[in-house]
Student: 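Mind having a look at this structure? Questions to follow.
Chain letters run A, B, ... following the sequence lines, proteins first, then strands; residues in each count from 1.
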Amino acid sequence: MKLRFKKGLDLSLAGAVKSSEISKYEPDECAIVPDDFSGFIPKLMVREGDSVKVGSPIMHDKISEDLYLVSPVSGTVKAIIRGDRRKIMRVVITNDHKYECVSFDTKATVKELLASSGLLAMLRRRPYDVVVRTAVRPADIFVTALDTAPLATTLVSRLPNDALTVLTRAVEALSGLTEGKVNVSVGDDWTFGDLPGAVMHTVSGPHPAGNVGVQVSAIAPAGQGREVWTLDIVTLYNIGLLLQTGVLNPWTEVAVTGPMVASPGLVKTNPGAALAGMLKDRTTTDAHLRVISGNVLTGTAVGAEDSFLRFPYRQITVIAEGDDVDEFMGWASMKPSKLSVNAALPFSRLTRLFSPDARMNGSRRAMIMSGEYERVLPMDIMPEFLLKAIIGRNIPEMEALGIYEISPEDFALCEFVDTSKLPIQQIIRDGLDFLRKENE
Amino acid sequence: MSKLRKLLDRAKPHFSPGGRLSALGSVFDGVETFLYTPRTTAPANNTVHIHDAIDSKRTMIMVVLALMPCFFFGMYNTGYQHWLAAGCTTFPFFDLMLYGFLAVLPRVVVAYVVGLGIEFIVAQIRKEEIQEGFLVTGLLIPMICPVEIPLWMLAVATAFSVIFVKEVFGGTGYNIFNVALVTRAFLFFAYPAQMSGDDAFVPTSTPLGFGPAVPDGFTCATPLGQVATTVGDSLSITGVDGAAITSWDAFLGLIPGCFGETSVLCILIGAVILLLSGIGSWRIMLSVAAGALLMGWVANTFASPVYPASYLTPVDQLLYGGLAFAAVFMATDPVTAARTSTGKVVYGLLIGIIAVIIRTYNNGYPEGAMLAVLLMNAFASLIDWCVVQTNISRRRARFAKLIKD
């Protein structure tokens with residue numbers, strides 16, 4: 001199936017990765033952050049001082065008890081950081097740089113293997129966009145081979161040239177987990193041809209075309225009584241690799257990007273790697289920087305304390321924080337350097353690459369302008385009315401307007417363009433969590 | 001750091017809770033965010049980290065900008081009509097502008113002081129930021145009223161509509177009816193003598209003693225006022241000096257009428273600004289015009305002496321009265337208009353149609369644009385509801401089919 005999305009928006013930001021050269025960075029510490037895995041309620045399985053290998057279980061989910069988060073490196077558990085009400089914020093592991101791996105039993109069932117190796121936790125399910133339940137067989141599985149987010153690098157180049165057999169193996173394994181089909185959406189950069197056993201879709205269009213949720217919505221939407229699982233092509237490859245070799249791939253490729261990065265580039269490192277060393281010579285020492293683990297639309301801003309690579313472990317973006325800027329009558333400014341897609345700032349068209357900072361550029365208002373969100377949301381959903389239903393906790397209306405199809409990331413661009421500066425992704429996350437609590 | 005910024009930083013503690021002037025906290029906040037873009041940055045997670053540079057302040061200021069051609073023309077025309085009424089034959093440009101300025105300035109000041117005053121107080125009580133919606137409303141109010149409306153009436157009407165149409169619903173963004181139009185409606189029904197009739201629309205006073213004197217007892221009705229009282233089937237519309245008014249005069253706007261809404265040319269310039277900046281909805285503007293032309297054509301085709309306005313051509317329906325202004329600046333208010341694309345077209349069409357129906361088939365009201373917009377404000381949510389229901393049914397059908405397969 002050909003999917004051609006028209007709505008959406010490609011933001012041109014400074015700091016894109018230009019060379020395909022990859023440097024290697026072995027972090028001294030890695031962290032696992034359970035918050036990255038929405039819906040995962042962590043139960044610790046290690047204590048401080050325990051020694052672990054690549055693939056050793058660190059915690060499991062309290063709902064699906066056989067769903068694990070595992071160590072990305074070998075070494076010792078350095079610290080378990082807790083927050084309010086003893087919530088587990090992260091588990092920090094010291095890397096001994098030996099990369100000793102746990103050998104998984106490849107004769108176990110696929111689901112057991114995936115769950116115990118931590119790879120199943122990298123999948124998401126819709127409705128709700130949270131980690132999967134191991135007891136459920138999804139109606140379909142969707143894989144996206146695209147990342148269209150601002151400054152993101154292609155996912156396909158992260159796969160080795162001979163990845164086809166590994167991917168085929170993974171598709172075959174996942175097919176056994178679902179009632180339906182394994183759907184793989186690929187872009188122009190796809191070089192592997194059709195994957196045997198998978199339904200292939202060709203996707204084109206501006207961001208968020210690469211978001212798996214947008215693709216699912218166009219192909220066969222999720223809904224009540226129809227749960228689908230989603231993942232990206234790199235996770236699919238890692239699944240294949242695990243099935244083939246019995247060990248977990250401890251490496252991930254990260255694009256270090258953003259207007260405040262002196263030399264944007266690709267770095268091979270471990271999931272959850274400490275960022276301080278990785279970014280040391282790449283950014284200025286200015287205190288007013290925002291290091292985002294992820295892209296500018298959906299990533300997490302990390303501080304000095306919790307500066308670790310966060311799921312999905314593939315991009316870092318550094319922008320100016322902007323909390324030290326005094327802008328006189330900014331609402332009247334027509335500076336071409338202001339990032340805007342709005343015609344009320346006509347001169348922004350003249351700028352080719354923007355270097356925005358993290359300021360809200362205005363204060364929060366009620367929803368005033370209409371039709372803003374629709375232009376950047378390529379789904380058959382009426383975003384404004386759905387958001388109002390969520391804010392009002394009107395369950396029948398949320399369901400009718402399509403809350404089961406969406407995830408916060410699909411609405412990230414709506415939040416970007418919003419004149420009223422509403423926290424749209426947070427509203428959706430809260431709405432999904434509220435409904436899940438009601439229904440499950 | 002600039003001196004102004006330092007001054008604000010020094011003053012800030014006094015206006016913060018616990019400070020001596022904390023009762024004026026919302027005012028300070030309003031001034032500060034007006035002068036300097038807030039430094040607030042995005043939260044750490046579940047958020048976008050960059051935001052479009054557009055904000056509600058800029059949106060509102062674009063609308064104010066779009067109103068400026070009409071406003072300046074209103075100043076000129078106010079002077080022009082006064083000079084005509086005084087029987088003058090020369091029309092010195094700057095004198096006319098000054099006269100218009102002196103006539104309208106007190107109305108603008110009263111509207112802003114009363115409206116913003118209430119907004120400031122409410123913001124302080126609610127501990128919210130002052131919102132900029134009234135920047136536009138406060139300018140619209142004097143533009144859609146006769147220029148000589150007594151100031152106290154304007155103050156009462158503005159206070160009424162800001163409190164009962166906006167604040168009780170929750171403030172900017174929550175109102176059902178257009179605040180400026182309700183102000184006008186309030187005046188229209190509470191003080192009909194000052195809002196209609198033959199002596200309301202031509203300025204006869206001399207503010208601060210400026211301008212030529214107009215003979216006592218001078219009257220001249222607006223074109224639509226004259227149409228409504230026509231007997232027989234031949235319309236003759238005359239201006240202040242007794243000369244006939246042509247469609248071209250109406251397009252330029254040199255006719256008696258409310259301060260800001262006579263010139264279709266300037267309204268079109270405003271429309272272009274709103275459309276180019278992406279703030280006004282072309283769907284609504286076009287569909288109001290289409291609805292008015294359609295209904296004007298129907299009325300004109302079945303013209304009858306019982307309804308003299310039916311002798312106006314469809315284009316004249318758009319050129320006279322406040323319909324063009326309503327189409328561009330009133331119907332397009334995003335808060336009170338329909339919010340779905342299809343809904344906007346239906347909403348606009350109905351405004352155009354109803355405005356002409358009221359004008360034509362109700363001799364008691366020479367102008368129907370205000371009532372048409374207010375009526376459709378009430379129905380906007382219903383129109384949207386219907387559009388949303390079609391989306392819901394389509395989605396439901398698609399999902400049911402998917403489950404069945």
Student: Would you mind telling me which of A:Thr300, A:Thr298, A:Ile292 makes a side-chain contact (heavy atoms from CB on, under 4.5 Å) with B:Asn45?
Tutor: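 When side-chain contact (heavy atoms from CB on, under 4.5 Å) is applied between B:Asn45 and each of A:Thr300, A:Thr298, A:Ile292, only A:Thr300 qualifies.
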Student: For the residue pair B:Phe34 and A:Trp331, does the interplanar ring angle fall in the parallel (under 30°), tilted (30 to 60°) or perpendicular (over 60°) class?
Tutor: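 Answer is tilted, since the angle falls between 30° and 60°.
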Student: Need one label for B:Thr59: side chain, backbone, both or neither, based on atoms under 4.5 Å from any heavy atom in chain A.
Tutor: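 For B:Thr59, side-chain heavy atoms alone lie under 4.5 Å from chain A.
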Student: Taking B:Asp52 for the side chain and A:Val341 for the main chain, is one N or O donor matched with an acceptor at less than 3.5 Å?
Tutor: yes
Student: Keeping the roles fixed (side chain from B:Arg339, backbone from A:Met369), state whether a donor-acceptor pair exists under 3.5 Å.
Tutor: yes
Student: Just verifying a value: how many Å separate B:Asn46 CG and A:Ile428 CD1, rounded to the nearest 0.5 Å?
Tutor: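 Here the rounded value is 10.5 Å.
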Student: Side chain from CB out, backbone as N, CA, C, O: work out which of these in B:Gln131 comes under 4.5 Å of a heavy atom of chain A, or both, or neither.
Tutor: both
Student: How long is the gap from CD on A:Glu327 to CZ on B:Arg5, to the nearest 0.5 Å?
Tutor: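 Here the rounded value is 12.5 Å.
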Student: Using non-hydrogen atoms and a 4.5 Å limit, figure out which bit of B:Ile54 sits close to chain A: side chain, backbone, both or neither.
Tutor: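 Both parts, heavy atoms under 4.5 Å.
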Student: Using only atom types and a distance under 3.5 Å, with no angle test, would you say the side chain of B:Arg395 pairs donor to acceptor with the backbone of A:Asp380?
Tutor: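 Here the side-chain-to-backbone pair exists.
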Student: Compute whether any side-chain donor of one residue and acceptor of the other, for B:Thr47 and A:Glu415, lie under 3.5 angstrom apart.
Tutor: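 Distance-only check passes for B:Thr47 and A:Glu415.
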Student: Between B:Arg396 and chain A, with a heavy-atom cut-off of 4.5 Å, which part of the residue counts as in contact: side chain, backbone, both or neither?
Tutor: side chain
Student: Where on B:Ile61 is there a heavy atom nearer than 4.5 Å to chain A: the side chain, the backbone, both, or neither?
Tutor: side chain
Student: Of the listed residues (A:Glu384, A:Lys338, A:Met367), which shares the most heavy-atom pairs with chain B below a 4.5 Å separation?
Tutor: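 Of A:Glu384, A:Lys338, A:Met367, A:Glu384 has the most heavy-atom pairs under 4.5 Å with chain B.
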